[in-house]
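The chains referred to below are lettered A, B, ... by the order of the sequence lines, with proteins before strands, and numbering in each begins at 1. Atom set for the values below is all heavy atoms of this structure, side chains included, hydrogens, waters and symmetry mates excluded.
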Protein chains: 2
Amino acid sequence: MSFTYKHPRAALTVDCVVFALNDRDLNDRDLNVLLIQRNGPPFAGCWALPGGFVELDETLAHAASRELREETGLDSIRLEQLCAIGDVDRDPRERVVTIAYHALVRMSEQQAQAASDARAVAWFAVNDLPNLAFDHNKILSLAYQRLRDKVRYQPIGLELLPERFTLRHLQHLYEAVLDRPLDKRDFRRKILSMGLLVEVDEIKTDVACREARLYRFDKAKYARLLKRGFTFEM
Amino acid sequence: MSFTYKHPRAALTVDCVVFALNDRDLNDRDLNVLLIQRNGPPFAGCWALPGGFVELDETLAHAASRELREETGLDSIRLEQLCAIGDVDRDPRERVVTIAYHALVRMSEQQAQAASDARAVAWFAVNDLPNLAFDHNKILSLAYQRLRDKVRYQPIGLELLPERFTLRHLQHLYEAVLDRPLDKRDFRRKILSMGLLVEVDEIKTDVACREARLYRFDKAKYARLLKRGFTFEM
DNA sequence: CCAAAAGTGTTTCACGTACACCCATGC
DNA sequence: GCATGGGTGTACGTGAAACACTTTTGG
């Protein structure tokens, strides 16, 4: 089967940059990204962002979800469009334009498993990355920058942390992404004054120290506030 | 001549949303957008965003600049990527994925002239638009929304107004884009305190009224401040 | 009793906001 | 002299930032 056109056409792909925190071990504060090891050429054996070709009867967002699911097993991820990248020689085979998507997930909720044309799947710390296939290092940098911009006006911590978390964990997350220390009292006051956190039952977190109160994020309230023009700011 | 592939391929286009203020008549406060009237089918005779197919040997940004120049005569415009749109049935002919770009220009510096497959070119007030071809009304809404977001943290006024302008004009621009009235004294205080405006010689602007001081934007200073982590906020 | 992290208040300062009057100019 | 827009100062409230000690728990 083949398809013929009057003019040459670029191939169209999607790529997914999925970020996660290790929400099982909250002392591990590295931000991680999901990569696959390519099975076939080009860049066989090389690590790359999950992604692939867009089918004619699916939207771009659908293609991104599908490829992510097929290659890594991650399903029902809320992907957001990042940008389109169309440098002429970014793929050695032919002209390929890619639409990049990004997402934030809780690592513990995801069972990454290699499938499709991925030899392996793994989480990598964004500050300790291998050389990736194609221009994927560049795409990843763009996504990381977008994340840093986004953290200031969207409650991303609440997508990255476990369901229940301490204020200290939330503060560590913000310190990691914003890359500066925050005052404990000011941070607590500010985040609590938004009224988006709900206290849950206490749990001992570490040895040899006072137990901390756990909170969860009030999604419904956040949605209500958003509709009224509320903007989260950090 | 024809081109054959193993899998069917979407066509790839770019579309440009070019905004401008009428900087000759600053009492005309409407924000305008550049549209072309389509010559051929589909949507012949219908107004649409300038744009067209991406060639295989050019980047996406290049395609956007080229199509804009070919169809409207506008050249050397700094286009920024907005998003990729790939709904399955957005073009009645076949699957077409488009990359939307947007830009801000001074209307007086542009000589819009219909060419290529555009029957006519014209500026339309964004608040009084006709029904556009394809999903171009939707793309335009996205671009307008992006502009409103952007106005708050980038000095866009300085791209839209003439080289020298009064504080009143700048305020009118912000009121138009932010869609709310601003206090004159507070606006002047805030914008002047940033130190990005330079006084130039006075000129009488209107009849029957006191002459107003003109300012120009200090681009060099803005660039220096940006490097030091300054963020413009309105 | 010691180590380790949790939790808590106050002061200061900058900034946003609200608000009203006189001034210069052209007709 | 009047209509038109230009230009100016002050008071108040909110929110960011800086800062140090006591409490609880496990070992």
Side-chain angles (χ1 to χ4, degrees), chain A residues 25-29 151-153 155 161-162 164-176 178-216 225 229-234, chain B residues 25-29 151-153 157 161-162 164-176 178-216 225 229-234:
Chain A
D25 176 9
L26 287 163
N27 294 318
D28 170 9
R29 301 199 208 152
V151 73
R152 273 184 266 169
Y153 58 91
L161 289 177
R164 303 134 117 238
F165 50 86
T166 67
L167 293 182
R168 164 76 30 165
H169 291 144
L170 189 57
Q171 184 177 343
H172 281 164
L173 169 64
Y174 275 94
E175 287 177 332
L178 294 175
D179 198 29
R180 66 187 164 99
L182 301 172
D183 181 84
K184 181 165 56 159
R185 282 162 294 187
D186 292 336
F187 179 80
R188 297 166 83 90
R189 187 178 19 249
K190 179 163 186 180
I191 200 83
L192 288 176
S193 72
M194 294 187 196
L196 292 172
L197 298 187
V198 183
E199 295 184 2
V200 298
D201 47 323
E202 299 196 3
I203 289 195
K204 292 162 187 137
T205 51
D206 286 307
V207 290
C209 105
R210 179 173 167 182
E211 57 191 20
R213 184 173 296 276
L214 291 175
Y215 292 85
R216 65 175 180 78
L225 286 176
F230 168 83
T231 50
F232 180 93
E233 262 183 53
M234 189 47 69
Chain B
D25 176 9
L26 287 162
N27 294 319
D28 170 9
R29 301 200 209 150
V151 72
R152 272 184 269 168
Y153 57 90
L161 289 177
R164 304 133 118 240
F165 49 86
T166 67
L167 292 183
R168 164 78 28 165
H169 292 144
L170 189 57
Q171 183 178 344
H172 282 164
L173 169 65
Y174 275 94
E175 288 178 332
L178 294 175
D179 198 29
R180 64 184 165 101
L182 300 172
D183 182 85
K184 183 165 57 160
R185 283 162 294 188
D186 294 337
F187 180 79
R188 297 168 80 90
R189 189 183 13 252
K190 180 160 185 180
I191 201 83
L192 287 175
S193 73
M194 293 186 195
L196 291 172
L197 297 187
V198 184
E199 295 183 3
V200 297
D201 46 323
E202 299 194 5
I203 288 193
K204 292 159 187 143
T205 52
D206 286 306
V207 290
C209 109
R210 180 173 168 183
E211 57 191 20
R213 184 172 294 278
L214 291 176
Y215 293 85
R216 64 174 180 78
L225 286 175
F230 168 83
T231 50
F232 179 93
E233 261 183 54
M234 187 48 68

Using OP1 and OP2 only, check whether a side-chain N or O of A/R168 sits under 4.0 Å from C/dA6. yes
May I ask you to evaluate whether B/R185 reaches the phosphate of C/dC19, defined as a side-chain N or O under 4.0 Å from OP1 or OP2? no
When you measure only distances, ignoring hydrogens and angles, does the side chain of A/D183 come within 3.5 Å of the base of D/dA16 through a donor and an acceptor? no
Just the table, please: protein N/O against nucleotides 21-25 of chain C N/O, every pair under 3.5 Å.
| unit_1 | atom_1 | unit_2 | atom_2 | d |
| --- | --- | --- | --- | --- |
| C/dC23 | O2 | B/R210 | NH1 | 3.2 |

Below 3.5 Å between N/O atoms, which protein atoms pair up with nucleotides 14-16 of chain C? Just atom names and distances, please.
| unit_1 | atom_1 | unit_2 | atom_2 | d |
| --- | --- | --- | --- | --- |
| C/dG16 | OP1 | B/K190 | NZ | 3.3 |

Roughly how many Å is it from [atom1] in [X] to [atom2] in [N], rounded to a whole number?
X      : N      : atom1 : atom2 : answer
A/Q171 : D/dA17 : CD    : P     : 13 Å
A/D186 : C/dG7  : CG    : C1'   : 14 Å
A/L178 : D/dA17 : CG    : P     : 11 Å
B/F165 : D/dG5  : CZ    : P     : 20 Å
A/L214 : C/dA5  : CG    : P     : 16 Å
A/M234 : D/dA16 : CE    : C1'   : 12 Å
A/Y215 : C/dG7  : OH    : P     : 6 Å
B/L170 : D/dG7  : CG    : P     : 13 Å

Under the side chain to side chain contact (heavy atoms under 4.5 Å, CB included) rule, collect the residues that match up with [X], sequence neighbours excluded.
X      : result
A/L178 : A/V151, A/R152, A/Y174, A/R180, A/M234
A/E175 : A/Q171, A/H172, A/P181, A/L182
A/F230 : A/M194, A/L196, A/Y222, A/L225, A/F232

Report the residues that fulfil side-chain hydrogen bond (donor to acceptor under 3.5 Å, both in side chains) with A/R185, sequence neighbours left out, ordered by chain and then residue number. none
By side-chain hydrogen bond (donor to acceptor under 3.5 Å, both in side chains), which residues pair with A/D183, not counting sequence neighbours? none
When we call it a touch if two heavy atoms are under 4.0 Å apart, what does B/R188 touch: a base, just sugar-phosphate, or nothing? base
With sequence neighbours left out, what residues match B/R213 under salt bridge (Lys or Arg N to Asp or Glu O under 4.0 Å)? B/E199, B/E202
Locate the shortest heavy-atom distance separating B/L173 from B/G157; write the atom from each residue and the value. CD2-CA, 2.9 Å
Atom pair CG/NE2 of B/L161 and B/H169 - distance to nearest 0.5 Å: 8.0 Å
How about B/F165 and B/L197: do any of their side-chain heavy atoms sit closer than 4.5 Å? yes
Comparing B/R180 with A/R213, nearest DNA chain C nucleotide closer to 5' gives the residue A/R213
